[in-house]
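Below: one structure, written as structure tokens.
Please read these numbers as outputs of a predicted model, since none were measured by experiment. Values reported hereafter were calculated over all heavy atoms of this structure, with side chains retained and with hydrogens, waters and symmetry mates removed. Just follow the structure's listing: the first ligand is 1, and inside any ligand the first atom is 1. Quick note: residue numbers are just sequence positions, from 1.
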Amino acid sequence: MHSSITLDSLTRACSALSRELEGGRIGCVACAHHCKLDDGSRGICKVRYRESGSLWVPWGYTAGLAADPIEKKPFFHVMPGSKALSFGMLGCDLQCSFCQNWMSSQSIRDPAASTGVQSVSAHEIVDAAKSHRCEVLVSTYNEPLITAEWAHSVFTEGKRHGLVTGFVSNGHATPEVLRFLRPVMDLLKVDLKAFREDSYRTLGGKLTAVKSTIADAFDLGYWVEVVTLLVPGFNDSEEELAGIAQFLVGISPEIPWHVTAFHPDYKMNDRVRTPGDSLIRAREIGTQTGLRFVYVGNLLGGTSGSENTYCPQCSAVLVRRVGFSVLERSIGFDGNCQGCGATIPGLWHHDSRLNRAVSRGEGASAKESQKDEVG
Ligand code: SF4
Ligand code: SF4
């Protein structure tokens with residue numbers, strides 16, 4: 001276990017995501033908890049604190065650095081087959097009992113969790129990306145929102161070298177942090193973990209904040225993909241899945257939705273791995289609701305083509321995948337279907353432009369779909 005005190009030496013004072021409040025307190029706007037900090041106090045995430053009048057934020061270390069397939073993040077509409085240099089720090093603003101990264105995310109709260117850290121500069125992370133031939137830089141493993149200033153610094157360096165940049169996040173964000181990152185960040189993967197406010201409360205967060213993040217990020221021009229880990233008995237009712245699908249269609253039917261299999265982990269060992277039938281049913285619900293790209297992930301025994309990208313116009317297979325491997329790619333570098341010429345949304349080549357053929361709300365009313373929240 002790392003104490004927050006030992007990590008305090010790997011911080012720096014930074015005001016980019018702090019706001020002065022009445023009464024002398026400082027408000028942190030890095031995540032939707034909006035902690036209000038007096039001198040000597042710490043945020044809910046434990047890694048950000050106020051001292052000598054300033055907000056101190058994590059800086060200059062990594063607790064994980066790896067060159068991963070971009071499909072593992074997962075981003076399925078971003079340069080298929082490319083590699084993403086993934087870096088992480090410690091801590092999270094939520095406490096999910098099914099966390100599959102709890103050794104990093106809960107290492108400050110939970111004595112059973114432990115991950116080593118290593119000092120590193122932004123320049124060294126970008127060098128590692130280049131030496132591993134990665135075209136993408138991704139902040140992941142812990143919750144990147146709580147270390148957003150450090151990611152901003154790494155991405156600024158990455159942009160000097162032409163890298164595409166992104167977050168793998170729980171989406172419990174604020175408009176301020178999304179705007180702060182946008183000039184140097186391109187991609188956002190959001191975990192939409194449930195569609196009930198009471199379920200989110202058990203994780204320590206707010207569904208409304210995550211929904212706003214997805215809508216806001218889309219409007220700001222991020223490339224957004226959404227993942228729902230299907231946890232039996234927690235979020236897998238047809239009503240809840242339909243609610244998620246309707247909400248996403250209301251923003252854009254072109255947002256890829258990944259429904260992935262849960263396996264017992266951390267403090268949630270009282271239920272079985274997600275049955276394959278549930279994942280296939282979730283995919284049907286997504287496509288019947290109007291989403292054009294719904295993917296199944298982590299399914300034992302194969303996914304029968306449900307990891308492939310199909311042209312929504314002519315049904316041609318554009319990207320054939322098994323797990324994190326791309327077996328075949330027949331989409332033009334500009335993102336056009338080579339069968340019928342349809343424009344497929346995404347960033348398909350490093351030097352091409354992001355395709356977003358459908359604008360927000362086309363396909364359903366965002367307002368209408370927000371009312372369909374379950375719970
Ligand atoms: S990142 Fe979130 S939890 Fe941490 S101090 Fe800021 S508002 Fe609080
Ligand atoms: S938000 Fe993600 S990293 Fe944080 S506790 Fe939940 S699953 Fe783990």
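- T343 has its side chain within reach of N336: a pair of non-hydrogen atoms, C-beta onward, lies under 4.5 Å apart.
- Taking only non-hydrogen atoms, the option from K193, Q100, E143 nearest to atom 2 (Fe) of ligand 2 is K193.
- By the criterion of a heavy-atom distance under 4.0 Å, both the backbone and the side chain of C96 are placed next to ligand 2.
- In terms of protein heavy-atom proximity, atom 3 (S) of ligand 2 is closest to S105 CB, 3.6 Å.
- For atom 8 (Fe) of ligand 1, the tally of protein N/O/S atoms lying closer than 2.8 Å stands at 1.
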Practice prompt. Evaluate the criterion ring-ring contact (aromatic ring centres under 6.0 Å, His included) for residue pair F234 and F262; output intermediate values, then yes/no.
Written response: CA-CA 11 Å; F234 177 72; F262 156 88; 9.4 Å; no
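- Between F167 and Y222, a ring centre-to-centre spacing not shorter than 6.0 Å is recorded.
- The shortest distance between side-chain heavy atoms of F195 and L207 falls below 4.5 Å.
- The aromatic rings of H77 and W348 lie tilted to each other, with the angle between the two planes from 30° to 60°.
- Applying the ring pair (Phe, Tyr, Trp, His ring centres under 6.0 Å) criterion to F180, with sequence neighbours excluded, gives H152.
- The protein heavy atom nearest to atom 4 (Fe) of ligand 2 is C92 SG, 2.3 Å.
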Practice prompt. Evaluate salt bridge (charged side-chain N to carboxylate O under 4.0 Å, His left out) for R182 paired with D216, printing each intermediate quantity in order.
Written response: CA-CA 11 Å; R182 183 66 187 100; D216 221 11; over 6 Å; no
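- Side-chain polar atoms of K130 and H161 form a donor-acceptor pair below 3.5 angstrom.
- Closest approach of I70 to M79, counting heavy atoms only: CG2-O, 3.7 Å.
- The side chain of N170, and not its backbone, has at least one atom closer than 4.0 Å to an atom of ligand 2 (non-hydrogen atoms only; side chain from C-beta on).
- Of all protein heavy atoms, the one lying nearest to atom 8 (Fe) of ligand 2 is C99 SG, 2.3 Å.
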